[in-house]
Amino acid sequence: MTIPFNPEISINSGQMFLWEQIGNSWYGTYGDHIIKFSTSWTSKSSCINNNKNNGIQFYSYPEVKGWERKVFRLDDDIEKILSTLSNDTLVSKTIRKYPGLRLMRQEPYQCIFSFVCASNTNILMIRKMLKNLSKKFGCKVIFDGKEFYTFPSVNSLNKATINELHSCGVGYRAKAIKALANHIISGNLDVDYLVRIRYHDAKEELLKVYGIGNKIADCILLFSLEKLDAFPIDVWILRALSRYYNWLFNENENKFKMTERITINQYKVLSATIRNYFGKYSGYAQQYIFYYMREIAGKKW
DNA sequence: GTACAGGCAGTAT
DNA sequence: ATACTGCCTGTA
């Protein structure tokens, strides 16, 4: 059995902020690289399999051959992951509904800054903030005769003033961006180390940073620090838990209401319960559920 | 004008 | 441990 892979649906999963479509090509920012793939079809439902790039081509600037394997996590044992998660009714349904949807691996620093911008705002706003930051603090790159900006380096963000950051429309998050850059530059946050240690330990380190709470830490862990067992709970996932998984929480007085903002302790209980339920690939389940919730709500991004 | 969306930090209880 | 509030920008 070959599991399908569709890069287009994957980058539209809502967690990939800096991608844009130009004709039959998609261009994305991956740190200081611009990555691109082109399809020779127009239908969005088309898929390709793992081994043969049927009509789809991958490029990047600067050129890095085979980047798609890393970015689209083609090194994961997707067959095993999806078969494990298929024990769950809802996830099983979404796997069939969205063939080719994959979890994506983001550039760690870009991912961390992106999600620090993601507090208390929506995806369109996050995209806007990150575009502004890239234009102001990134490097201009001409690729295919088109103008792009690399994601700002940690150094450039560290040197930026609060006012400069604020001018990018990030609002009160300017303070968090500054604090984060300083944390990284001073060696208090080591990405390589966070990749090596386990979920709970890495999360503990992230939570020390001003501006990073439970949800944002889980996003960073899942999307860039190789913690496939992370399960970010935002409002969309909370609605899903309330609607489809209430039975999991009815024991032990773990009931919750989706209309209420959850407390830190409630997040811990929800997180522990759902991660125990889905297991080591919880993050993949989250990806499918998130996509499903956004789609039935009619969200484009 | 007014309501609402959205995660975190800080303070009071 | 929980409740409440302020923080920003934008859309309906």
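Every chain is numbered from 1, with letters handed out A, B, ... down the list of sequences. Because the structure is a prediction, the values reported are computed rather than measured.
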A.B. asks: Does a salt bridge link A:Glu63 with A:Lys65, judged by any charged N lying under 4.0 Å from a carboxylate O?
C.D. replies: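 So A:Glu63 pairs with A:Lys65 through a salt bridge.
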A.B. asks: The side chain of A:Trp236 is closest to which nucleotide in this list: B:dG6, B:dA9, B:dG7?
C.D. replies: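 Nearest to the side-chain atoms of A:Trp236, counting from C-beta on, is B:dG6.
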A.B. asks: Quick check: any donor-acceptor pair below 3.5 Å linking the side-chain of A:Tyr267 to the base of B:dG7?
C.D. replies: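 For A:Tyr267, whose side chain was compared with the base of B:dG7, there is no donor-acceptor pair (under 3.5 Å).
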A.B. asks: Quickly work out the A:Ile162 CD1 to C:dC8 C1' distance and round it to whole Å.
C.D. replies: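 A:Ile162 atom CD1 is separated from C:dC8 atom C1' by 14 Å.
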A.B. asks: Where the side chain of A:Asn120 is concerned, which of B:dC8, B:dG6, C:dT9 is the nearest nucleotide?
C.D. replies: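 Between B:dC8, B:dG6, C:dT9, the one nearest the side chain of A:Asn120 would be B:dG6.
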A.B. asks: How close or far is atom P of C:dT9 from atom CG of A:Asn122, stated in whole angstroms?
C.D. replies: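 Atom-to-atom, A:Asn122 to C:dT9, this comes out as 14 Å.
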A.B. asks: Of all the nucleotides listed (C:dC8, B:dG10, B:dG6), which has the minimum atom distance to the side chain of A:Tyr172?
C.D. replies: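 The nucleotide sitting nearest to the side chain is C:dC8.
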A.B. asks: Consider ring-ring contact (aromatic ring centres under 6.0 Å, His included). Of A:Phe148, A:Trp19, A:Phe58, which one does A:Tyr27 pass it with?
C.D. replies: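 That would be A:Phe148; it is the only one of A:Phe148, A:Trp19, A:Phe58 passing the ring-ring contact (aromatic ring centres under 6.0 Å, His included) with A:Tyr27.
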A.B. asks: Write down the distance between CD1 (A:Ile123) and C1' (B:dG7), rounded to a whole number of angstrom.
C.D. replies: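 Roughly 14 Å, once rounded to whole Å.
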A.B. asks: What's the OH-P distance between A:Tyr210 and C:dG6, to the nearest Å?
C.D. replies: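 That distance rounds to 15 Å.
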A.B. asks: Any ion pair linking A:Arg105 and A:Glu226 (charged N to carboxylate O, less than 4.0 Å)?
C.D. replies: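 Answer for the salt bridge query: yes.
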A.B. asks: Tell me whether the count of non-hydrogen atoms from other residues, nucleotides or ligands lying under 6.0 Å of OH in A:Tyr277 goes above 12.
C.D. replies: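 Yes, OH of A:Tyr277 has more than 12 neighbouring heavy atoms, counting only those of other groups under 6.0 Å.
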A.B. asks: Taking atom P of C:dG10 as reference, at what distance in whole Å does atom CZ of A:Arg127 sit?
C.D. replies: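 Interatomic distance, CZ of A:Arg127 to P of C:dG10: 15 Å.
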A.B. asks: By the 4.0 Å heavy-atom rule, please label A:Ile264 as base, sugar-phosphate, or nothing.
C.D. replies: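 The residue A:Ile264 makes no contact with any strand.
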A.B. asks: In this structure, how many angstroms lie between the C1' atom of B:dA5 and the CE atom of A:Met125, rounded?
C.D. replies: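 Rounded to whole Å, this separation is 11 Å.
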A.B. asks: Please step through side-chain hydrogen bond (donor to acceptor under 3.5 Å, both in side chains) for the pair A:Thr29 and A:Gln110, ending with a clear verdict.
C.D. replies: CA-CA 9 Å; A:Thr29 304; A:Gln110 180 175 338; 5.3 Å; no
A.B. asks: Once you apply a heavy-atom cut-off of 4.0 Å, does A:Val209 come out as touching a base, just sugar-phosphate, or nothing?
C.D. replies: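 Here A:Val209 touches the backbone only, sparing every base.
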A.B. asks: Give a yes/no answer on whether the side chain of A:Thr263 brings an N or O atom under 4.0 Å of OP1 or OP2 in C:dT2.
C.D. replies: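 It does, given that an N or O in the side chain of A:Thr263 lies less than 4.0 Å from OP1 or OP2 of C:dT2.
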A.B. asks: Quick one: is C:dT9 close enough that its OP1 or OP2 comes under 4.0 Å of any side-chain N or O from A:Lys128?
C.D. replies: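 For C:dT9, neither OP1 nor OP2 has a side-chain N or O of A:Lys128 closer than 4.0 Å.
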A.B. asks: What's the closest nucleotide to the A:Ile216 side chain, out of C:dG10, B:dA9, B:dG7?
C.D. replies: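 Per side-chain heavy atoms of A:Ile216, the pick is B:dG7.
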A.B. asks: Rounded to the nearest angstrom, tell me the gap between atom CZ in A:Arg173 and atom C1' in B:dA5.
C.D. replies: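 Going from CZ in A:Arg173 over to C1' in B:dA5 covers 11 Å.
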A.B. asks: May I ask you to verify if any side-chain N or O of A:Arg239 is less than 4.0 angstrom from the OP1 or OP2 atom of B:dG6?
C.D. replies: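 Affirmative; the distance criterion is met.
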A.B. asks: Give a yes/no answer on whether the side chain of A:Asn265 brings an N or O atom under 4.0 Å of OP1 or OP2 in C:dT2.
C.D. replies: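 For C:dT2, OP1/OP2 do have a side-chain N/O of A:Asn265 under 4.0 Å.
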A.B. asks: Can you check the A:Gln266 CD to B:dC8 C1' distance for me, whole Å?
C.D. replies: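 It works out to 15 Å between those atoms.
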